[in-house]
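Counting convention: from 1, in listed order, for ligands and their atoms alike.
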Amino acid sequence: KLAAQIRDLTKHYVLKSETVRALRGVSFDVPEGDYVAIMGPSGSGKSTLLNLLGCLDRPTSGSFMLGGDDVARMTDDELSGIRASRIGFVFQSYNLIAQLSVVENIEVPLYYMGRLTRESRKRSTALAAMVGLGQRLDHRPTQLSGGQQQRVAIARSLVNDPYFILADEATGNLDSVTTEEILALFQRLNDEGRTIIMVTHEDEVAEHAKRIIRLKDGNVQVDEPIEDRKTFS
Ligand code: ADP
Ligand code: ADP
């Protein structure tokens, strides 16, 4: 089963006097349970691809199938609906809401979906415990370390049972020890069957994935499994 299917995806940005062809026909499948690292030099199209995968933007042409629906044909309302309901975002800067507690931050996607119910607290509490923050349910983001804040963001990314977690330089603000902790958490989630797509420019981070997709000039230059995937015990 596929978490996502991408076919001949192009994205053009039309400027005053020129058209920038940011993606020039990108194709790949993401099977459920995959763990993909998207890499490539600056300007190669990583952010553009991330925006498309995250349903923040529509392609110029091509198809992006998500659960049987083509994102390329969705209205803006449908795009924001699927973003809130089926994609788990993890950002470099965590993007937590300062006024909200750990459990409340985890519930934010449910709020946006209009699905905040009395049951929600049970789920956010379980997810907080799952990422190791069971003793900090009522803390505010400023009372947490960077690594703990990113754990909240990862718990938040799971609250809607997403097709995949989309992580954008998720360890970019973290020291190397904390980076390893966050990567170990991703590893555990992937071992449990979660699909993860991450964008990173760091080889040491990408090596934790099962597969690397390397972009160059808006094309897939390399798409290959990582042979000696590190295992943690
Ligand atoms: P990366 O994330 O790998 O650095 P991007 O996807 O940001 O690559 O950019 C790919 C190409 O598209 C670059 O040439 C960039 O200048 C161009 N680009 C990106 N976003 C826009 C935009 N909103 N308008 C015009 N050109 C853009
Ligand atoms: P409802 O209250 O509308 O009957 P739920 O609130 O139980 O439904 O579930 C809403 C959605 O959240 C479902 O798609 C379900 O798969 C998902 N979900 C339920 N439990 C979890 C969990 N622990 N983590 C992530 N997603 C969950």
*Asks:* Which atoms of ligand 1 sit under 4.0 Å from any heavy atom of T48?
*Replies:* 5 (P), 6 (O)
*Asks:* For atom 22 (C) of ligand 1, is the nearest protein heavy atom under 4.0 Å away?
*Replies:*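 Yes.
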*Asks:* Strictly distance-based, threshold 3.5 Å: is any side-chain N or O of Q221 a donor or acceptor partner for the main-chain N or O of G40?
*Replies:*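 The answer is no, because no donor-acceptor pair under 3.5 Å joins these two groups.
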*Asks:* With a cut-off of 4.0 Å, which atoms of ligand 1 are near a heavy atom of V20?
*Replies:* 12 (O), 14 (O), 17 (C)
*Asks:* Hey, does P141 have a side-chain heavy atom less than 4.5 Å from the side chain of N105?
*Replies:*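 The answer is yes, as the side chains (C-beta and beyond) meet within the 4.5 Å cut-off.
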*Asks:* Within a distance of under 4.0 Å, is there any protein heavy atom near atom 2 (O) of ligand 1?
*Replies:* yes
*Asks:* For ligand 1, which atoms, with element, lie under 4.0 Å from some heavy atom of S42?
*Replies:*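 Near S42, meaning under 4.0 Å from one of its heavy atoms, ligand 1 has 4 (O).
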*Asks:* With a 3.5 Å distance limit and no angle check, can you tell me whether T19 reaches the backbone of L15 through a side-chain donor-acceptor pair?
*Replies:* no
*Asks:* Does T10 use its side chain to pair, donor to acceptor, with the backbone of G25 at less than 3.5 Å?
*Replies:*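 Checked: no pair found.
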*Asks:* Could you tell me whether the side chain of K11 and the main chain of D57 form a donor-acceptor pair under 3.5 Å?
*Replies:*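 Flag not set: sc K11 to bb D57 has no pair under 3.5 Å.
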*Asks:* Identify the closest protein heavy atom to atom 27 (C) of ligand 1: which residue and atom is it, and at what distance?
*Replies:*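 Result for atom 27 (C) of ligand 1: Y13 CD1, 3.2 Å.
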*Asks:* Could you see which bit of L15 sits under 4.0 Å from ligand 1, with heavy atoms only: side chain, backbone, both or neither?
*Replies:*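 It is the side chain that touches ligand 1; the backbone stays farther off.
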*Asks:* Run the numbers for me: atoms of ligand 1, each under 4.0 Å from some heavy atom of S44, listed by number.
*Replies:*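 This gives 1 (P), 3 (O), 8 (O) as the contact atoms.
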*Asks:* Tell me which protein heavy atom sits closest to atom 4 (O) of ligand 1, plus the residue, atom name and distance to 0.1 Å.
*Replies:*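 Here the closest protein heavy atom is G43 N, 2.6 Å.
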*Asks:* Does D217 pair with R24 as a salt bridge, N-O distance under 4.0 Å?
*Replies:*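 So D217 does not pair with R24 through a salt bridge.
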*Asks:* Could an N or O of ligand 1 be found under 3.5 Å from any N or O of G45, whether backbone or side chain?
*Replies:*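 Right, the criterion is met.
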*Asks:* Has P41 got any heavy atom lying under 4.0 angstrom from an atom of ligand 1?
*Replies:* yes
*Asks:* Taking all non-hydrogen atoms of both residues into account, name the closest pair between R58 and L52 and its distance.
*Replies:* C-CD2, 3.4 Å
*Asks:* Okay, side chain of T195, backbone of A3: is any donor-acceptor separation there less than 3.5 Å?
*Replies:*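 Looks like no, no N/O pair under 3.5 Å.
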*Asks:* Please could you name the atoms of ligand 1 that A22 approaches to less than 4.0 Å, counting only its heavy atoms?
*Replies:*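 With A22 as reference, the close atoms of ligand 1 come out as 10 (C), 11 (C), 12 (O).
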